[in-house]
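Below is one structure, written out as structure tokens, with a few remarks after it.
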Amino acid sequence: MRRQSPRRRLARLGVAGLLVAATATATPAAAAPAADGLLVHANDALIAVGGVQRYVSLFAAADGLPDVLTVTVERSAVADFATVVPAEDTTGCTETGTVLSCTTPAGHLENEGLILAVTAKGTAEPGDQGDLVFDLRQKDGPSVVTTRATVEVGEGVDLRAQDLWQTTAAPGTTVRTPFGVANVGDTTVRETVLLLSTVPAPARRHANCSYRELSGDQLTLCRFDDEIVPGAAVQLDDSAGLRVAADSWAPSTQFGWAFWFTPDDYEEFAASLPADGWQRGAGKELELVPATDTLARSLRQTDRTPWDNSTRIRIDVTGDQRADVAATGARLPGVVGATVTARIGYVNNGPAVINTSDPGGIETWARVVVPGGVTVLNAPEQCAPGTGETPTGAHGEPGGRIYFCEWHEATRKGDAVVLPFGLRIDELGGAAGAVQLRHYEVAEGERVADLNPKNDIAPLVIKADGGTGGGDGGSLPITGGSTGLIAGIGGLLLAAGVGGYVLARRRSTRFVA
């Protein structure tokens, strides 16, 4: 079985995981530098009477911080309308009146943060507002920095979306997506924001929507100024659709999410998404049907139960379309004591794409057997050493005899994955090595066959050349979009301030023989 590191577990959250996490936890924006160079940030929280518990997370980082910090939180400004206590997993805190005092390692404050749970009291009124004041200091020492987080009571509403929307589609076809939301509360919802995270790209680009690609996910952000009165339900009009890529592996499954926000809730969530890279659509506006005129109001709105605002999208891709992925080995000349670079890997001969971000897609792993008499001095960051069929070491770790290599970018027809290994020749005449490919269905980890299993193995051989060594061999054809792949593992990561959620690949990390 493939070992799964904490980084990989976080990576599997993807955009969908971040969306679901956002229903319970407010994620902070990138920290702002204090005067002394300390990076510190605490996010604001918008709460509602009878609503879900929200969270304020304090993060701090700087070179040379003391090992242990004391954080005091003054809660007097919110005490009349909100309850603020340490979150369930937060330890090391004591209470004295309105002051909360927490002792925490600096590393914990940088990586996990100090997390406080915030709940509106039954006597709270929409518009109530106050600041939590955080003071960081060395234990029994002077104050290091002070920062604030605003807690505000909003007008509570209650949106609800269907749990699952499911359909079938063939590669290259467009499916209509009438995603909808209902107002199941007792207060009119004045405006809504829809965020889609899908593998298929939108079939059209609407003027009231913005678009971007992030780590293999297609993000669509649409704003609607339609009222939704209590008891009413609305859905996207017939112009909404997703196009399944023509080179999709079939049969397979492609997943996504549709998440509805009030504009004020989205404003808080948007701190976890990159602000740049969005492109505004130019076509006809996407509409909600039925729709009503906007009623201007001053109170901010927040959803009391945000966990039921999301719809999981499932598109079962029909047909029979796979890919021929061919291993590429190397035959390198050299002499004892010389170093050589083996540029090995594989080429996707198509027609289907592999290594997509979708849990229902197909990923290709390379198992690299190092030739006898050779030492790995430099291993690619995509590769981890191991034994048998199990990776046991860290990615990029030298000295292994077997490596397990994964790739984190969509690899289409004509694309080559290049894995450069730096090798030192200790002796000649050792057993030949090999590049061996494995193909898996990502979500389940089941082994699947490509179109031509016979070319899934290629030799990696070191042979005497009688010269001075130092060669560089094992070339791969570079075509299509592969130039960007060679630079390393792609995929955009959120800034460190997202509170530990990594907006990256949703990938399985099992390796099955």
Side-chain angles (χ1 to χ4, degrees), residues 18-27 43-56 78 81-83 117-130 150-163 165 178-197 208-209 220-236 257-273 286-312:
L18 186 59
L19 292 176
V20 174
T23 66
T25 304
T27 48
N43 63 277
D44 299 333
L46 181 61
I47 57 178
V49 175
V52 67
Q53 193 174 63
R54 303 286 179 142
Y55 296 86
V56 171
V78 305
F81 62 86
T83 300
V118 184
T119 308
K121 293 182 176 180
T123 56
E125 296 286 343
D128 286 345
Q129 180 176 317
T150 300
V151 177
E152 182 179 355
V153 179
E155 182 182 45
V157 298
D158 196 355
L159 294 170
R160 182 178 299 169
Q162 65 191 100
D163 293 332
W165 181 87
F179 304 137
V181 67
N183 182 354
V184 297
D186 54 8
T187 301
T188 296
V189 177
R190 296 186 296 275
E191 299 174 67
T192 52
V193 176
L194 172 64
L195 179 62
L196 296 177
S197 167
N208 58 330
C209 302
T220 302
L221 176 65
C222 301
R223 298 178 182 272
F224 304 97
D225 59 6
D226 309 89
E227 281 189 343
I228 308 176
V229 299
V234 294
Q235 67 180 38
L236 303 181
W257 287 84
F259 204 98
W260 296 87
F261 297 88
T262 71
D264 300 306
D265 282 341
Y266 180 75
E267 180 182 344
E268 291 198 350
F269 172 76
S272 65
L273 293 176
L286 181 63
E287 297 180 356
L288 296 177
V289 291
T292 60
D293 294 334
T294 300
L295 174 64
R297 292 284 300 276
S298 59
L299 289 176
R300 300 177 72 199
Q301 290 190 325
T302 182
D303 199 321
R304 292 191 178 100
T305 58
W307 55 75
D308 58 7
N309 294 6
S310 59
T311 297
R312 189 177 189 224

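Remark: Ala48 pairs with Thr302, Arg304 by the side chain to side chain contact (heavy atoms under 4.5 Å, CB included) rule, at least two apart or across chains. For the side chain to side chain contact (heavy atoms under 4.5 Å, CB included) test, residues two or more places apart in sequence or in another chain that qualify with Glu267 are Asp264, Arg300. Taking the side chain to side chain donor-acceptor pair (under 3.5 Å) definition, one finds that Thr150 meets it with Asp131, sequence neighbours left out.
Contact record, Val229 with Thr188: CA-OG1, 4.0 Å, taken as the closest heavy-atom pair. Minimum heavy-atom separation, Phe259 to Pro306: CZ-O, 3.9 Å. Minimum interatomic distance between Cys222 and Leu286 (heavy atoms only, all atoms of both residues): SG-CD2, 4.0 Å. Considering every non-hydrogen atom in both Val56 and Ala45, the closest pair reads CG2-CB, 3.8 Å. When all heavy atoms are compared, the tightest approach of Ala161 to Gly180 is CB-O, 3.7 Å. A pairwise comparison of heavy atoms in Tyr266 and Leu195 identifies CE1-CD2, 4.5 Å as the closest pair.
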Show the numbers, then the answer: is there a side-chain contact (heavy atoms from CB on, under 4.5 Å) between Arg312 and Trp257?
-> CA-CA 5 Å; Arg312 189 177 189 224; Trp257 287 84; 4.3 Å; yes

side-chain contact (heavy atoms from CB on, under 4.5 Å) between Thr311 and Val181: does it pass, once the steps are laid out?
-> CA-CA 9 Å; Thr311 297; Val181 67; over 6 Å; no

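Once rounded to the nearest 0.5 Å, the distance linking CD of Gln162 with OG of Ser310 reads 10.5 Å. Between the CD atom in Glu287 and the CZ atom in Phe224 there is a gap of 9.5 Å [rounded to 0.5 Å]. In this structure, the separation between CZ on Phe261 and CD on Glu191 is 15.0 Å, given to the nearest 0.5 Å. With rounding to the nearest 0.5 angstrom, the CG atom of Leu46 is 7.0 Å from the OG1 atom of Thr262. Atom OG1 of residue Thr119 and atom CZ of residue Phe81 lie 12.5 Å apart, to the nearest 0.5 angstrom.
For the side-chain contact (heavy atoms from CB on, under 4.5 Å) test with Leu194, the passing option among Leu236, Thr220, Leu221 is Leu236; the others fail. Among Gln53, Glu152, Arg54, the one residue that satisfies the side-chain contact (heavy atoms from CB on, under 4.5 Å) test with Ile47 is Arg54. Evaluated for a side-chain contact (heavy atoms from CB on, under 4.5 Å) with Thr192, the options Asp226, Ile228, Val157 yield exactly one hit, Ile228.
In this structure, the side chains of Asn183 and Val234 stay at 4.5 Å or more apart for every pair of heavy atoms. Taking the side chain as every heavy atom from C-beta outward, Val153 and Glu125 never approach each other to under 4.5 Å.
Checking side-chain atoms of Asn309 against main-chain N and O of Trp260 turns up a donor-acceptor pair under 3.5 Å.
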